[in-house]
There are 2 protein chains.
Amino acid sequence: MRPYAGLVQARPYHHGHLRETLLEAALEAIRESGPGGWSLRDLARRAGVSHAAPAHHFGDKRGLLTAIAADGFRGLSEALEAAWRASGSFLEVGVAYVGFAITHRAHFEVMYRPDLLRRDDPALAAARQASANRLYGSMQDAAAADPAFDALHGAIAAWSLVHGLATLWLSGNLPSALGDDPEAAARAVLRYLFQPLPKGWRGA
Amino acid sequence: MRPYAGLVQARPYHHGHLRETLLEAALEAIRESGPGGWSLRDLARRAGVSHAAPAHHFGDKRGLLTAIAADGFRGLSEALEAAWRASGSFLEVGVAYVGFAITHRAHFEVMYRPDLLRRDDPALAAARQASANRLYGSMQDAAAADPAFDALHGAIAAWSLVHGLATLWLSGNLPSALGDDPEAAARAVLRYLFQPLPKGWRGA
DNA sequence: CCGTGAACTTGTCAATGGCAAGATGCGACC
DNA sequence: GGTCGCATCTTGCCATTGACAAGTTCACGG
């Protein structure tokens, strides 16, 4: 009546930590072939369980990717907070954004992809909000110190720059002359934010 | 011996402009559900042909998306060139980049996605190079006019900013306070590139 | 011991990508 | 006119996938 109980088996019926195993397998799969180059059945095979087991934990692939994105935003939030506390510099917060994107490529590839995610997921929404607060928080000083400074547009300029840099870096679209240290590159590029135009240069 | 010739039929056996029809259908499908939310069989059905017909023109979905990306780079190249000729302003070239991304969303969503494309496609490589030349071209003046200006990092700062802004805009990640005119938003944000830091502001 | 519920397995079906053989029709050539 | 080659399609097959549902296992509480 209990075929599992009577067999010599490699592992018990219950995996025990399948959710974590699937998340890890998904991160690996994303690193190998992006968010789209694998199936839930692939993951199930990697985890050594039957093809429908992942559905219990995440519902479907969208649910799995949403969990990964939420983890990603939490990690990003912590990285930004740490950079702010260590340096008090919004530029170093920007560098930390790029650094996080590069070191957590699989998470980052998913986090800003609404087509892949459940936008109404409460954990995702909360994690996103927390990281946005960290991003914009370093701009509140600017608004307080100089009423002529537009915090909204300044913050979006900074975010756009680091987000664009990370995205272009990860997709291999930047010239190799930029080098292979993303944080050094981010610092060199961020220097041009809030810097004067070159002498004699039209453009503004 | 000729079943087609003897039937009353809605159209001839040969579609006549199936390649263009498929490209149009793909752009529409991307607008509806991104590059991943549809199949080649979907497209074949939209075009009124059999499921395997698209394979003749593009090989597979990757080939189709590669053709779309190449068209996208060509369109972007033209838009950047037009902005440069009209204004002589690298900032307006940046605004044109954002404007193109928003008005050609389907193309843009594909263009910087190496996971979806054939990187070794000659037409794609040529179109990418042409648009990169237009992007960086407006920075050559800077290097010539001020030897202290680093054209590489300055150009990447500008590109990262507009690319990040377009990407965040298209994925619905920017605050609604930014408004709904992408070019106005781009101008407001680009003002912070090469602008002095606010008075009394730490951060550099 | 029994019932419940979480965590799994097995099975089925429609849709898909990939591949290959078959069909259509036009132009060039004899 | 007939034939051939080729571009452009259609049909058919098969392995894989997502989605769904029924079935099984096992730990815990009453």
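Rounded to an integer number of Å, the gap from CG of Asp60(B) to P of dT16(C) is 16 Å. Distance, His15(A) NE2 to dC26(D) C1': 16 Å, rounded to whole Å. Distance CG (Leu43(B)) to P (dG18(C)): 13 Å, rounded to an integer number of Å. Here dG17(C) presents its C1' atom at 17 Å from CZ of Phe58(B), a figure rounded to the nearest Å. Leu40(B) places its CG atom 5 Å from the P atom of dG17(C), with the value rounded to the nearest Å.
Nucleotides of DNA chain C nearest to Asp42(B) and His14(B) differ in position, and the one nearer the 5' end is that of Asp42(B). Of the two residues near DNA chain D, Arg41(B) and His17(B), the one whose nearest nucleotide lies more 5' is His17(B).
Aromatic pair Phe100(B)/His104(B): centroids less than 6.0 angstrom apart.
Proximity of Arg187(B) to Leu190(B): side-chain heavy atoms (C-beta onward) are nowhere separated by under 4.5 Å. Proximity of Leu165(B) to Leu174(B): side-chain heavy atoms (C-beta onward) are separated by under 4.5 Å at one or more points. Looking only at side-chain heavy atoms (C-beta outward), Ser39(A) and Asp42(A) come within less than 4.5 Å of each other.
Applying the 4.0 Å criterion to OP1 and OP2 of dG18(C), one finds that His51(B) has every side-chain N and O outside that range. For the pair His56(A) and dA7(C), the criterion of a side-chain N or O lying under 4.0 Å from OP1 or OP2 is met. For dT16(C), one of the phosphate oxygens OP1 or OP2 lies less than 4.0 angstrom from a side-chain nitrogen or oxygen of Ser39(B).
Side-chain N/O atoms of Tyr13(A) and base N/O atoms of dC26(D) include no donor-acceptor pair closer than 3.5 Å.
Note on Gly16(A): only backbone sugar-phosphate atoms sit closer than 4.0 angstrom, heavy atoms only; bases stay farther off. Nucleic acid contact class of Arg45(B) (heavy atoms, under 4.0 Å, all strands): sugar-phosphate only.
Across Leu117(A) and Arg62(A), no two heavy atoms sit closer than the pair O-NH1, 3.2 Å.
Residue Ser50(B) has its side chain nearest to dT10(D) when only dT25(D), dT10(D), dG18(C) are considered.
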